[in-house]
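Sequence lines set the chain letters: A, B, ... in the order given, protein chains first and strands last, and positions in each chain run from 1.
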Amino acid sequence: MFTQETLQIEKEIRAYCAANDIPLAELKWAPIPFNGEWGTSTSFFQTAANEAKAAKATGKRVIVPQRAQEIAESVKEVIGTPKGISHVEAVRGYLNLYFVTEDFAERVIAAILQEKSQFGRGKPKHERVMVEYAQPNTHHSFHIGHYRNAILGESLSRLLEFAGFETLRAAYPGDIGLGVITVLWIYEKFYKGQEPQGIHERGQWLLKLYVEATNLLTKKENETDDERILREKYDAERREMYRKWDAGDEYIRDLWLETREWSLDELRDILLQIGIQIDTWFFESEEDEPSKAVVQELLDLDIATDERPEGGAVIVKIDEKLGLKKEKYRTNVLLRNDGTTLYLTKDLSLAKKKFNDFGVDRSIYVVDVRQSMHFMQAFKILELWGFEQAEKCYHLGYGFVSLPGGAMSARKGRVVIFKDVADEAIRRFTETSKEKNPNLSEEARAEVAETVGLGALAYAMLSVDNSRDTVFDMDVALSFEGRTGPYIQNAHVRAASILKKFKVEGLKVEDKNLKPATFNFELTPHEVELIELLSRFPNVVEDAANQYRPMIMATYAYDLASAFHSFYHAVPVLKSETDAIRDARLRLVAAAKQVLVNSLRLLAIKAPEVM
RNA sequence: GCCCCCGUAGCUCAGUGGAUAGAGCGUUAGCCUCCGGAGCUAAAAGCCUGAGUUCGAGUCUCAGCGGGGGCACCA
């Protein structure tokens with residue numbers, strides 16, 4: 001906001017130091033903490049430390065904090081009171097520049113009301129980034145762990161896009177593998193021709209089949225001979241089916257595609273509900289063939305080693321190729337000795353496709369942290385392969401979601417289906433809404449309940465830092481008090497309510513018709529704090545995007561909502577002392593509302609007008 | 001054995017090398033003549049240990065202790 005002024009002052013400081021033989025270190029500006037006033041601050045500790053080092057050689061002693069304070073004081077004398085700055089202070093080695101309150105407040109509010117939904121958008125970065133998320137296996141069902149992945153990927157995509165990257169969203173469902181075939185096998189054997197009605201019923205039914213099939217195919221304790229024979233027979237059938245799939249058997253392929261569609265129908269419906277629009281769908285099954293060519297390419301480049309003649313596999317000895325003595329990236333397999341591909345093989349082939357066919361400069365993989373080794377290996381192989389984009393590949397590993405009783409396990413029936421949670425969220429928030437806002441129409445209430453219910457869920461996931469594991473507890477995730485999505489949404493509702501009331505009273509209709517607000521009255525600490533937070537939003541977008549951490553935005557959104565709630569409670573808006581103050585505060589409320597919307601949008605959370 | 005995360009208040013977590021380490025939940029005490037109480041105000045309570053780097057370390061380095069995850073033909 002005050003970069004021009006700051007740069008000018010910096011220039012003066014440099015000139016002064018040069019003239020007085022002070023070895024000025026880099027000037028870093030930061031907001032002044034603990035204050036009811038805005039300003040920017042820099043320190044002279046590093047400069048004093050440099051002097052101290054030089055003085056040591058000549059036998060003199062310089063006490064750093066003391067010297068820093070001396071420099072700050074003399075700089076203060078030199079620069080006087082620059083334009084846009086109300087006063088300057090030198091304290092404990094810091095030089096503090098306080099902005100003229102009125103100017104600062106007006107600049108911030110004006111920028112927000114002018115740029116609206118675009119306030120905080122970063123300059124174009126001329127870089128194309130692809131975010132890969134939403135990689136559930138098909139023939140399974142979408143559980144709460146998949147939800148964390150999806151909402152994290154979506155929020156990250158929105159942040160990157162808003163920060164100025166050209167952003168592509170990619171999904172990569174695991175649509176083939178032994179797990180998928182297992183479902184086809186039991187369907188064919190015991191459930192042929194059946195099909196439950198309803199997208200979600202049908203999708204979840206596949207999970208039930210999977211669990212049942214896995215039980216039939218898993219060795220039990222104290223297994224009898226008959227049981228063993230049956231189990232082995234089933235397993236042979238399953239493997240034969242996989243062989244047929246691989247050979248392109250038309251019947252199996254059709255069955256596979258039809259049931260895959262059942263899963264994808266469910267997945268698409270959920271993504272739609274949580275506000276995700278995928279640009280590009282990749283399928284694991286479609287990477288199989290191209291990835292075989294990749295293996296040959298890596299063999300030709302002498303990156304991979306073919307140990308099949310000795311009964312081994314095609315492998316990459318990553319550490320050896322990198323010339324590392326200590327084991328770090330180890331060795332991994334590209335082709336089994338039977339010639340079939342693996343996860344790594346397909347990921348390499350897909351990465352190549354992303355770089356060459358999609359022009360991706362930066363590639364982000366939102367995948368469970370347990371696969372960190374896999375990605376370290378994949379990225380190193382891409383580097384050996386010569387892709388310069390390899391250094392801009394990033395595995396955003398996130399901790400896994402478990403339940404209060406322990407890890408999720410579909411097989412043991414300990415799995416929380418996202419759809420069930422979403423339904424429960426909507427049910428609970430419908431009840432809450434009836435209590436809090438009895439006058440709402442049924443139609444509006446249904447919409448609000450979904451907005452708030454899903455908002456609570458999204459916030460519960462995104463307010464956890466990436467690396468943290470999290471325990472999914474329904475009562476905690478659907479809480480609406482304190483640091484939650486609904487708390488933030490409620491701040492927005494209150495802001496909307498004030499603006500609406502203002503209109504109803506017929507004073508003036510649109511905020512643009514308000515007299516240009518001047519903040520030339522004495523601001524309360526609540527207003528100061530609120531404006532301070534609003535001014536920080538663009539930096540928060542930048543930080544969250546650069547660090548790939550939606551949590552930074554989640555924290556900010558809460559802080560902003562909290563500041564608004566405090567302001568709302570303590571400062572009257574419509575009943576301000578004068579019309580001029582009221583108009584200024586109305587503009588502040590409108591600005592806060594706008595930034596709340598912008599923040600929530602980046603978290604894939606909707607901001608309701610009423611709730 | 002090696003690699004990656006994590007260790008901050010009773011619990012769950014924030015915290016660009018910089019000034020007085022912050023929230024939520026829980027506990028305790030207050031606040032509905034006032035723009036929506038899904039709210040507000042306040043109190044008690046904290047950096048795993050030990051070295052090192054630095055003018056300055058919760059933050060960086062190393063070691064230790066404690067917890068989680070991962071280590072070639074699963075994905």
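- Rounded to an integer number of Å, the gap from CG of A:N332 to P of B:C73 is 8 Å.
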Quick one, A:R67 with A:E70, criterion salt bridge (Lys or Arg N to Asp or Glu O under 4.0 Å). Give me CA distance, side-chain angles, the key distance, then yes/no. CA-CA 5 Å; A:R67 177 61 186 148; A:E70 278 172 31; 3.0 Å; yes

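- Note on A:F44: nothing from the nucleic acid sits closer than 4.0 angstrom, heavy atoms only.
- Using P as the reference atom, B:C48 and B:C13 are 15 Å apart when rounded to the nearest Å.
- Across all strands, A:P136 comes closer than 4.0 Å to no nucleic acid atom at all (heavy-atom distances).
- Remark: P of B:C71 and NE2 of A:H395 are 13 Å apart, rounded to the nearest angstrom.
- The phosphate of B:G68 (OP1 or OP2) has no side-chain N or O of A:R468 nearer than 4.0 angstrom.
- Looking at heavy-atom distances under 4.0 Å, A:V571 makes contact with a base.
- A side chain to side chain contact (heavy atoms under 4.5 Å, CB included) with A:L560 is found for exactly one of A:I488, A:L600, A:L596, namely A:L596.
- Put simply, the side chain of A:S41 and the base of B:A19 share a donor and an acceptor less than 3.5 Å apart.
- Residue A:D347 is classed as having no contact, given no heavy-atom separation below 4.0 Å to the nucleic acid.
- Here B:C73 is the nucleotide among B:C73, B:C55, B:A38 with the atom lying nearest to any side-chain atom of A:A313.
- To the nearest 0.5 Å, the span separating CD1 on A:I318 from CZ on A:R330 amounts to 10.5 Å.
- Taking atom C1' in both B:U53 and B:C3, the straight-line distance is 26 Å, to the nearest Å.
- Between B:A42 and B:U61, the distance separating the two C1' atoms is 42 Å to the nearest Å.
- For the pair A:F564 CZ and B:C40 P, the computed distance is 12 Å after rounding to whole Å.
- Nucleic acid contact for A:K326: sugar-phosphate only, since backbone atoms but no base atoms lie under 4.0 Å from a heavy atom of the residue.
- Considering only the side chain of A:R92, B:A19 comes nearest among B:A19, B:A75, B:G15.
- A:Y558 places its OH atom 4 Å from the P atom of B:G24, with the value rounded to the nearest Å.
- The side chain of A:R67 places no N or O atom within less than 4.0 Å of a non-bridging phosphate oxygen (OP1 or OP2) of B:G56.
- A straight line from CZ of A:R330 to P of B:C4 spans 11 Å, rounded to a whole angstrom.
- For A:H565, whose side chain is taken as the heavy atoms from C-beta onward, the closest listed nucleotide among B:G36, B:C55, B:G39 is B:G39.
- Nucleotides B:U12 and B:U27 are separated by 16 Å at their C1' atoms, to the nearest Å.
- When distances run from any side-chain atom of A:M373 to the nucleotides B:C71, B:A19, B:A14, the shortest one goes to B:C71.
- When the nucleotides B:G39, B:C35, B:U8 are ranked by their closest atom to the side chain of A:K501, B:C35 comes out on top.
- Of the candidate nucleotides B:C34, B:C2, B:G24, B:C34 has the atom lying nearest to any side-chain atom of A:K575.
- Comparing B:U20 with B:U54, their C1' atoms are spaced 22 Å from each other, to the whole Å.
- Backbone-only engagement by A:M551 is indicated by non-hydrogen atom pairs under 4.0 Å involving sugar-phosphate atoms exclusively.
- Contact annotation for A:R308: no contact, since no heavy-atom pair falls under 4.0 Å across all strands.
- Listed nucleotides: B:A38, B:G36, B:C55. Nearest to the side chain of A:S497: B:G36.
- B:A44 and B:G39 have their C1' atoms separated by 23 Å, given to the nearest Å.
- A salt bridge does not link A:E431 to A:R428: none of the charged nitrogens lies less than 4.0 Å from a carboxylate oxygen.
- Rounded to an integer number of Å, the gap from A:D473 CG to B:C11 C1' is 13 Å.
- Taking the 5.5 Å centre cut-off and the 30° plane limit, the aromatic side chain of A:F45 is classed as stacked on B:G18.
- A sub-4.0 Å separation between OP1 or OP2 of B:C74 and a side-chain N or O of A:R336 is present.
- Using a 3.5 Å distance cut-off with no hydrogens or angles, the side chains of A:D347 and A:H374 do pair a donor with an acceptor.
- Taking only side-chain atoms of A:Y487, from C-beta outward, the nucleotide of B:A14, B:C40, B:A75 with the closest atom is B:C40.
- The nucleotide whose nearest atom lies closest to any side-chain atom of A:Q46 is, among B:G18, B:C34, B:G24, B:G18.
- Here, B:A23 and B:A14 have their C1' atoms 7 Å apart, quoted to the whole Å.
- Taking the 5.5 Å centre cut-off and the 30° plane limit, the aromatic side chain of A:Y94 is not classed as stacked on B:G18.
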Please step through side-chain hydrogen bond (donor to acceptor under 3.5 Å, both in side chains) for the pair A:H139 and A:R260, ending with a clear verdict. CA-CA 6 Å; A:H139 302 77; A:R260 184 179 86 162; over 6 Å; no

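- Side chain of A:Q69 to main chain of A:A90: a donor-acceptor pair is present (N/O by atom type, distance under 3.5 Å, no hydrogens or angles).
- Between A:S576 and A:R585, the side chains place a donor N or O and an acceptor N or O closer than 3.5 Å (distance only, hydrogens not considered).
- When rounded to the nearest whole Å, the span between CZ of A:F480 and P of B:C25 equals 12 Å.
- The side chain of A:V333 lies closest to B:A72 when the candidates are B:A14, B:G1, B:A72.
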